[in-house]
Colleague: 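Handing you a structure now.
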Number of protein chains: 2
Amino acid sequence: MRQETIENYLKTIYNLSANNTMLVGNQKLSDKLGLRPATVTEGLRKLHDLKHVIYEKSYGTRLTASGAKLALSIVRRHRIWETYLTKELGFGWDEVHEIAEELEHIKNDKLINKLASILGNPIYDPHGDPIPDAKGKILKSNFIKLSETKVKNNYKVMGVTDHSSSFLKYLEKHRLIIGAFINIKTIEDFDNSIILSCQKKELSISAKAAECIIVEAV
Amino acid sequence: MRQETIENYLKTIYNLSANNTMLVGNQKLSDKLGLRPATVTEGLRKLHDLKHVIYEKSYGTRLTASGAKLALSIVRRHRIWETYLTKELGFGWDEVHEIAEELEHIKNDKLINKLASILGNPIYDPHGDPIPDAKGKILKSNFIKLSETKVKNNYKVMGVTDHSSSFLKYLEKHRLIIGAFINIKTIEDFDNSIILSCQKKELSISAKAAECIIVEAV
DNA sequence: AAATTGTTTTAGGTATACCAAAAATAATAA
DNA sequence: TTATTATTTTTGGTATACCTAAAACAATTT
Ligand SMILES: [Mn+2]
Ligand SMILES: [Mn+2]
Ligand SMILES: [Mn+2]
Ligand SMILES: [Mn+2]
């Protein structure tokens, strides 16, 4: 298996497993990796042989200790590069994910640690995701999704779970960026869309978009 | 053909063709690419079909205009990264080639041009190789190899053609670095080794090493 | 419990990147 | 010019990463 393929599998399994608490199914992996389910089945079998995952046939997959370690190191590289690109090289938060998707495979610890140190060893990336440290230690937050909030309460935007340029541009247009304070006005029974106020303006967020915004109660 | 494979072929053909003046043979490509001759034959046929090279069966290969353009852009990325790694990220000139070998495949013009601009659009990389500009224009120098110098003359070290860490460390140990002034004392008839003075010390350079050092008459 | 639906696996197949060994071709020496 | 040597190509083969379609299995509904 090509190293890059291994890394993409492990990173994706990590991202879908909610801190390694859940088994990850093939369908979701197939989606995220852009491969057909049959291909994923083969890939997982190989990763199992490599001892990077425990693959329970027909039920799902979880990372082993070695798999998790590798996954965390890819996640670290990805998020450090995203941060470096925005903070040091003038890229927007909506541009960096794609580039980091390639840069994350460059394997040189000295390089990543140097970038991290120039940035002051940041703990969050431009999308609010926590950055593992050089040892793989990562902050565990108890933030919630905007879709899980309650009417009348106040929240602060802490991150996003969709990194696509279109979604991030949409958020920026409505000033719904990291650090913004919001108040939930209404939640529509009909379609679960949310009406909230943010920077003195009211706006309506679809249930789908609300799934992708991470907030903290204030 | 994988994009990375294409890029490695084209870059290598460029580097072996002395500014596109010479046909490149399969044997040398096989060496540099770490592939067997039979594999190179296949690869070149495919690049020919892609119109990136003119492959004259049994005689050799040259880049087409489109191939040269692509090659120059890889060379630019490689050399800009090497320069950025040394100038901005604190790496030694003996460490950067391997990393650049990976980074050169990250395709994002805005990124490379940003790095170049931070560096002040440099014209030479840490090994003295000229860096093509964003349009592919590259300086053509008429420097010579140390092995082509004449006794008693004075020269300035301008570059190296071997980027291996061991060779560069060896040079550094003897202060034979870019910008150093040297005077040729003797050239041994027997083995073509060169005795020269550099920074007030005398040292003997093997014919093989002298092939890899680029100098300018002063 | 049976039927339906959704997910995963198997079986069989394509395309690509490589290789070793033998054959063909080109370059060089006699 | 012929023989010898070096280089390149052809042939036939392996390994890998992907795919589609069909079969098997698990989860959900009736
Ligand atoms: Mn990736
Ligand atoms: Mn991110
Ligand atoms: Mn290189
Ligand atoms: Mn260089």
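Since the model is a prediction, treat every value here as computed from it, not as a measurement. Here is the naming used below: chain letters follow the sequence lines, and residue numbers restart at 1 for every chain.
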Colleague: Does a nitrogen or oxygen in the side chain of Arg45(B) sit under 4.0 Å from OP1 or OP2 of dT10(D)?
Modeller: yes
Colleague: Counting heavy atoms from C-beta on, name the nucleotide in dT10(D), dC19(D), dC19(C) closest to the side chain of Arg36(B).
Modeller: dC19(C)
Colleague: Would you confirm whether Ser30(A), through its side chain, and Asn26(A), through its main-chain N or O, come within 3.5 Å as a donor-acceptor pair?
Modeller: no
Colleague: Between Glu56(A) (CD) and dA27(D) (P), how many Å, whole number?
Modeller: 12 Å
Colleague: dA17(D), OP1 or OP2 - any side-chain N/O from Tyr9(A) closer than 4.0 Å?
Modeller: no
Colleague: Counting any heavy atom closer than 4.0 Å, what does Lys46(B) reach on the DNA or RNA strands: base, sugar-phosphate only, or nothing?
Modeller: sugar-phosphate
Colleague: On a heavy-atom basis, which atom in Arg79(B) and which in Asn15(B) lie closest, and how many Å separate them?
Modeller: NH2-OD1, 3.8 Å
Colleague: Grab the CD-P distance between Gln3(B) and dA17(D) for me, whole Å please.
Modeller: 20 Å
Colleague: Answer with yes or no whether the side chains of Asn113(B) and Arg76(B) bring together a donor and an acceptor at under 3.5 Å.
Modeller: yes
Colleague: Is the closest side-chain donor-acceptor distance between Asp129(B) and His163(B) under 3.5 Å?
Modeller: yes
Colleague: Tell me: CD of Gln27(A) to P of dT8(C), nearest whole Å?
Modeller: 5 Å
Colleague: Does Tyr59(B) put a side-chain nitrogen or oxygen below 4.0 Å from OP1 or OP2 of dT8(D)?
Modeller: no
Colleague: Is the phosphate of dT10(C), meaning OP1 or OP2, less than 4.0 Å from a side-chain N or O of Lys57(A)?
Modeller: yes
Colleague: Tell me which nucleotide among dT9(C), dC19(C), dC18(D) gets nearest to the side chain of Thr39(B).
Modeller: dC19(C)
Colleague: Output the rounded distance in Å from CE (Met1(A)) to P (dC18(C)).
Modeller: 18 Å
Colleague: Scan side-chain atoms only and decide if His127(A) and Asp162(A) contain a donor-acceptor pair under the 3.5 Å cut-off.
Modeller: no
Colleague: Tell me the interatomic distance from Asn8(A), atom CG, to dA17(D), atom P, rounded to whole angstroms.
Modeller: 12 Å
Colleague: May I have the distance from Asp31(B) (atom CG) to dT8(D) (atom P), rounded to whole angstrom?
Modeller: 11 Å
Colleague: Given atom CG of Asn26(B) and atom C1' of dT10(D), what is their separation to the nearest angstrom?
Modeller: 13 Å
Colleague: Would you mind reading off the distance between Lys28(B) atom NZ and dA6(D) atom C1', rounded to a whole angstrom?
Modeller: 14 Å
Colleague: Counting the atoms with a prime plus P, OP1 and OP2 as sugar-phosphate, which does Gly43(B) contact under 4.0 Å by heavy atoms, base, sugar-phosphate, or nothing?
Modeller: nothing
Colleague: Return the nearest nucleotide to the side chain of Glu42(A); candidates are dC18(D), dT10(C), dT8(D).
Modeller: dC18(D)
Colleague: By nearest atom, which of the nucleotides dT10(C), dC18(D), dC18(C) is closest to the Thr5(A) side chain?
Modeller: dC18(D)
Colleague: Name the nucleic acid region contacted by Ser58(A), choosing base, sugar-phosphate or nothing; use a 4.0 angstrom heavy-atom cut-off, strictly under.
Modeller: sugar-phosphate
